[in-house]
Amino acid sequence: MPEGPNLIMLKEKLQPFKGRQVTAANGYAKNVDPSMLNGNTLSDIKTWGKHLLLVFEDFSLRIHMGLFGSYKINRPVKKNAALHLQFGDEEINFSIVKVQVINQPLDEVYDWSADIMSQKWDADKAIQKLKEKPGLMICDALLDQGIFAGSGNIIKVESLFRAGIHPESLCGNIPADKLKELSNEVIAFSREFLKYGKTHHLGDRLQAYGREECPRNHVAFHKRDTGKTKRLTFYCDICQVLYS
DNA sequence: GTGCATGTTACGAG
DNA sequence: ACTCGTAACATGCA
């Protein structure tokens, strides 16, 4: 369930739990003793990229869903959850997630301006980071959570297609205005992802990811693992310019 | 039943 | 020390 927009959806679904007290907690997750949560009030819910942040008075919990992670709200789980949180008569269950306790103020831990879903997103800073890594392939940069926190493989594929940039282009060789265009597409598509994802119509909006042919010229998409990250990339080598 | 996936990290080998 | 390949993760889906 993993890209930035999915985390915003999750945050919205968890709003009813805000201000409520944990009445029971358990789970097999490492790095946390769930019993420490007992009696604590969930004061806020934040996200940074793909991190879900449950804020309690004296600490926060970072929850990362990874690729296989899932959650259930007030619905039965098949097996013991990695983290089960009971709030009176309501409950949240997370499966296959990584949990970490954060004892510092979140503002000291997170640079909100790197989060593509944040109001504080700063495109110029991201572009500066790209320029500082001239040898990095842009397909890898779009998965780098330090640069585009919250971007995943779908956002990568779609924003590269929309900006007309070949995934194996090197950051240092892409013109500044194309980098700006790419950054704009990342943000625009992420908003679209959020809007249509809520109603399960994201698939209708995908122009490249999972498609067989380019919607512009009907040539078959290339479909290969690219970059150091070796993640599946759909691209059209007519529409998408290689800056190598 | 099989295979694949919106992610990340840990580990061993070289 | 660094970088690469691989596995792993108590899932969900087509």
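Here is how names work: the chains are called A, B, and so on, in the same order as the sequence lines, proteins then strands, and each is numbered from 1. FYI, side chains are in, hydrogens and waters are out, and symmetry mates aren't considered; it's all heavy atoms of this structure.
- Taking a pair as Watson-Crick or G-U wobble with both distances under 3.5 Å, the runs of three or more consecutive pairs in DNA chain C are B:2-5 with C:11-14, B:7-14 with C:2-9.
- In this structure, A:Lys72 places its NZ atom 10 Å from P of C:dT11, rounding to the nearest Å.
- Remark: A:Arg216 is positioned above the aromatic ring of A:Phe161, its terminal NZ or CZ atom under 6.0 angstrom from the ring centre and at most 45 degrees off the axis.
- Distance, A:Ile154 CD1 to B:dA5 P: 11 Å, rounded to whole Å.
- Going from atom CZ of A:Arg62 over to atom P of B:dT9 covers 7 Å, rounded to whole Å.
- Between the side chains of A:Asp107 and A:Trp112, at least one donor N or O lies within less than 3.5 Å of an accepting N or O.
- Regarding A:Leu67, its CG atom lies at a distance of 14 Å from the P atom of C:dC9, rounded to whole Å.
- Minimum atom distance to the side chain of A:Phe68 is reached by C:dT11, of the listed C:dT11, B:dT6, B:dT9.
- Contact check of residues 224-232 of chain A against DNA chain C (heavy atom, cut-off under 4.0 Å) returns A:Lys228, A:Lys230.
- By the 6.0 Å contact criterion, NZ on A:Lys133 is open, its count of non-hydrogen atoms from other residues, nucleotides or ligands being 12 or less.
- For C:dT11, the OP1/OP2 oxygens have no side-chain nitrogen or oxygen of A:Lys79 closer than 4.0 Å.
- For A:Gln15, the CD atom counts as densely surrounded, since its 6.0 Å shell holds more than 12 non-hydrogen atoms of other residues, nucleotides or ligands.
- Hydrophobic clustering (ILVMFWY, side-chain heavy atoms < 4.5 Å, transitive): A:Leu143 and A:Leu7 are in distinct clusters.
- Remark: aromatic rings of A:His84 and A:Phe94 are distant, center separation not under 6.0 Å.
- Donor-acceptor pairing under 3.5 Å is lacking for the side chains of A:Asp237 and A:His166.
- No close placement of the A:His201 and A:Tyr196 rings is indicated, their centers lying 6.0 Å or farther apart.
- In this structure, A:Asn93 atom CG and C:dA10 atom C1' are separated by 13 Å, rounded to whole Å.
- Protein atom NE2 of A:His201 is 21 Å distant from nucleotide atom P of B:dT6, rounded to whole Å.
- The residue A:Asn80 sits close to a base: some heavy atom pair falls under 4.0 Å.
- Separating the C1' atom of C:dG5 from that of B:dT6 is a span of 23 Å, rounded to the nearest Å.
- A:Met65 has its CE atom 19 Å from the P atom of B:dA5, to the nearest Å.
- A close approach under 4.0 Å does occur between a side-chain nitrogen or oxygen of A:Ser70 and OP1 or OP2 of C:dG12.
- Within the 4.0 angstrom heavy-atom criterion, no nucleotide atom of any strand lies near A:Lys30.
- For the residue pair A:Lys156 / A:Tyr209, no side-chain donor-acceptor distance below 3.5 Å is found, with atom types taken as modelled.
- Of the candidate nucleotides B:dT6, C:dC9, B:dT8, C:dC9 has the atom nearest to the side chain of A:Ile96.
- When the nucleotides C:dA10, B:dT6, C:dT11 are ranked by their closest atom to the side chain of A:Tyr28, C:dA10 comes out on top.
- To the nearest 0.5 Å, the span separating CG on A:Leu136 from CG on A:Leu170 amounts to 8.5 Å.
- Atoms CZ (A:Phe94) and P (C:dG12) sit 14 Å apart, rounded to a whole Å.
- Contacts of A:Phe193 with the nucleic acid, taken as non-hydrogen atoms under 4.0 Å apart, include base atoms.
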